[in-house]
Amino acid sequence: MLFVDFIDANKKELVWQGSGTGYLVTRNVDKKEARIKEFVAKTLEQYPPTEK
């Protein structure tokens, strides 16, 4: 599971948190790095949050 936190440094408070899940089932470092980038990109698609 991956969490991405956006924190307001001045106020020291959480502004937004995104999360995603995936599998890293390889010993190949390059493939792991590529998968992590995919997870981060997919998680950041949730930002900015839509207001309901």
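Hydrogens, waters and symmetry mates are skipped; everything else that's a heavy atom, side chains included, is used. Here the structure is a predicted model, which is why all the values come from computation and not from measurement.
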Which pairs, with at least one residue in residues 7-28 and sequence neighbours excluded, count as a side-chain hydrogen bond (donor to acceptor under 3.5 Å, both in side chains)?
-> Asp5-Gln17

Under a 4.5 Å side-chain heavy-atom rule over Ile, Leu, Val, Met, Phe, Trp and Tyr, are Leu2 and Phe6 clustered together?
-> yes

Residues in side chain to side chain donor-acceptor pair (under 3.5 Å) with Glu38, at least two apart?
-> Arg35

Under the ring pair (Phe, Tyr, Trp, His ring centres under 6.0 Å) rule, what pairs show up with a residue in residues 27-46, not counting sequence neighbours?
-> none

Under the side chain to side chain contact (heavy atoms under 4.5 Å, CB included) test, residues paired with Ile36 that sit two or more places apart | Leu24, Val40

I would like to know whether Val4 and Leu44 meet side-chain contact (heavy atoms from CB on, under 4.5 Å); could you show each step before the answer?
-> CA-CA 8 Å; Val4 177; Leu44 290 177; 4.0 Å; yes

Could you pull out all residues at least two apart from Lys42 that satisfy salt bridge (charged side-chain N to carboxylate O under 4.0 Å, His left out)?
-> Glu45

